[in-house]
There are 2 protein chains.
Amino acid sequence: MSTSDIEPAPRPRRRDAQERHDRLIVAAQREFAARGVDASLEKIARDADVAIGTLYRHFPTRLDLLLAALEPRLREFSEGSKKALEIDDPWQGFVSYLENLFRVQAGDRGFNDFLSRRFPGSADTERIHDQMCRQIDDVLTRAQEAGEARADITLADIVNLIWSNGRMIDATSTTAPNAWRRQLHLMLDAYRAQRAHPIPEPPMTEQQLYDAMVRLSTAG
Amino acid sequence: MSTSDIEPAPRPRRRDAQERHDRLIVAAQREFAARGVDASLEKIARDADVAIGTLYRHFPTRLDLLLAALEPRLREFSEGSKKALEIDDPWQGFVSYLENLFRVQAGDRGFNDFLSRRFPGSADTERIHDQMCRQIDDVLTRAQEAGEARADITLADIVNLIWSNGRMIDATSTTAPNAWRRQLHLMLDAYRAQRAHPIPEPPMTEQQLYDAMVRLSTAG
DNA sequence: CCTCAAGTTGAGGTACCCCTCCGGATATTT
DNA sequence: AAATATCCGGAGGGGTACCTCAACTTGAGG
């Protein structure tokens, strides 16, 4: 192993290639945002005024393109999360975290889909999902320990909430783009600790949750 | 207009035709239940061991076949609804109505899809949907007038709940087939009158609701 | 200006799906 | 047994999408 093997002279990308790369991302952002993760790659290529072969050269898999397109959303989400995590009041932190998540989710069907599917085999996406789960677990636990959130709910319940929100957004994004906020706050009432009623069903296990998300990626 | 115009000698269906008709319905039930309203008609024909042309002869449109396949579900739902509507206690009636609805919804993806889409132009389906909306409105109003359900929710909120449930079912039907009950009862806590918090968003109007459902049938 | 690695193109293979049409098969009636 | 309305099969036209690859083009270093 010589040093030249480790650093194989990475000549910079050609300018025209860079341009096409950028155009592809722009088109992909528009298309994924409007039609979700299953948007047509051929249409994205057409919109970007680029041949389909070029799309595949730059982004060998759909997931590669999706992640490139979603990058700003992930950043936006991440910044909002950070703010929410810094809030002192446990209940407010919990609420802010979810409001931020739902807001970003409502603005991008690609992100929306991305949230409720797991892509086994992609370390990148698994990492993102795992981090989100950890954060949700944190804000939830903190709200529970403060006695603000009911003690009998778990991460799985919040994930269900995210799925539900996703469906609402699919239905209402063009006709009632803020409808999700109402649903969220109705739900939050149920999550407050006082006056909680018993629930006739245990929460999903982590395994069930994971399987369900994987299923959303595969099942037609 | 002679009587012969009104009664144009309706010779009964041929026996072989009846058989194929029945096989098609069986296959359609299986397929719609498993894959939802957008199941492949060609696969249904293959499963029924019938040529695609024959399928179209018996059921000129997808909706014709869907309604025929869904008939037992609709009946099952209707019977459960009737029982719920007879319950004296307003809150229990409300809960029972939703539990019945969600249970049927959880058992059939075709019915699940059917619930959250409207098919403008089909008097049949519009009637079914309208009747359901009226019933929901009834049980809800009764629970509200009894002071059991919070006064600031509307039909649209329940429909959102149905959509949400639909998403949960898509995700969990194979991995946690009873998960919907938990989500429902969590939600019901939010719907109880006592200790309701203000919601930062008005309910959807009827028009918004209708548009959203129509959109689910068309938008990809 | 020349060279050539890097990049591009788009036809073409595969696989679905929807829906129509008409020659041929068949159950039923007479 | 013949007549015939009814019914059936399935090829075929039209569409969309995924992905590959061989032939061509071009930017950039020398």
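Order of the sequence lines fixes the chain letters, A, B, ..., with proteins taken first and strands second; residue numbering starts at 1 for each chain.
Using a 4.0 Å cut-off between charged nitrogen and carboxylate oxygen, A/Arg20 and A/Asp16 count as a salt-bridge pair. A salt bridge between B/Glu76 and B/Arg103 is present, with a side-chain N of the basic residue lying under 4.0 Å from a carboxylate O of the acidic one. A salt bridge links B/Asp38 to B/Arg117: at least one charged side-chain nitrogen sits closer than 4.0 Å to a carboxylate oxygen. Salt-bridge check for A/Arg142 with A/Asp137: failed, with every basic side-chain N at 4.0 Å or more from each acidic carboxylate O. Salt bridge annotation for A/Glu79-A/Arg75: absent, with no cationic side-chain nitrogen under 4.0 angstrom from a carboxylate oxygen.
The separation between A/Lys43 atom NZ and D/dC18 atom P is 12 Å, rounded to whole Å. Atom CD1 of B/Ile52 is separated from atom C1' of C/dC17 by 9 Å (rounded to the nearest Å). One atom, CD1 of B/Ile44, and another, C1' of C/dC19, lie 15 Å apart when rounded to the nearest Å. Rounded to a whole Å, the CG atom of A/Asp38 is 9 Å from the P atom of D/dC18. One can place CG of B/Asp16 at 5 Å from P of D/dC8, the figure rounded to the nearest angstrom. Rounded to whole angstrom, the span from the CZ atom of B/Arg46 across to the P atom of C/dA15 amounts to 13 Å. Per the geometry, OH belonging to B/Tyr56 stands 19 Å off P belonging to D/dC7, to the nearest Å.
Applying the 4.0 Å criterion to OP1 and OP2 of C/dC18, one finds that B/Ser40 has a side-chain N or O inside that range. A sub-4.0 Å separation between OP1 or OP2 of D/dT6 and a side-chain N or O of B/Arg13 is absent. One finds a side-chain N or O of B/Thr54 lying less than 4.0 angstrom from the OP1 or OP2 phosphate oxygen of D/dG9.
Counting non-hydrogen atoms under 4.0 angstrom, B/Leu41 reaches the backbone sugars and phosphates but no base.
B/Leu115 has its side chain within reach of B/Met132: a pair of non-hydrogen atoms, C-beta onward, lies under 4.5 Å apart. Side-chain atoms of B/Leu66 and B/Phe114, non-hydrogen and from C-beta on, do get closer than 4.5 Å to each other.
Side-chain N/O atoms of A/Glu42 and base N/O atoms of D/dC19 include a donor-acceptor pair closer than 3.5 Å.
Every residue meeting the ring pair (Phe, Tyr, Trp, His ring centres under 6.0 Å) condition with A/Phe94, not counting sequence neighbours, appears here in chain and number order: A/Trp91. With sequence neighbours excluded, the residues forming a ring pair (Phe, Tyr, Trp, His ring centres under 6.0 Å) with A/His21 are A/His58, A/Phe59, listed by chain and number.
Five base pairs at each end of the helix from C/dC1-D/dG30 to C/dT30-D/dA1 define two local axes, and these are offset by 10° (rounded to 10°).
Residue pairs that meet the salt bridge (charged side-chain N to carboxylate O under 4.0 Å, His left out) test with at least one member in residues 39-54 of chain B, sequence neighbours left out, are B/Lys43-B/Asp47.
Here the side chain of B/Arg14 is nearest to one of C/dG10, D/dA11, D/dC7, namely D/dC7.
In this structure, the side chain of B/Gln208 engages the main chain of B/Thr205 through a donor-acceptor pair within 3.5 Å.
For the segment residues 57-71 of chain B, residues with any heavy atom less than 4.0 angstrom from an atom of DNA chain C are, sorted by number, B/Arg62. Contacts with DNA chain C (heavy atom under 4.0 Å) in residues 19-30 of chain B: none are found.
Within a 6.0 Å radius of CD in A/Glu206, other residues, nucleotides and ligands contribute 12 heavy atoms or fewer.
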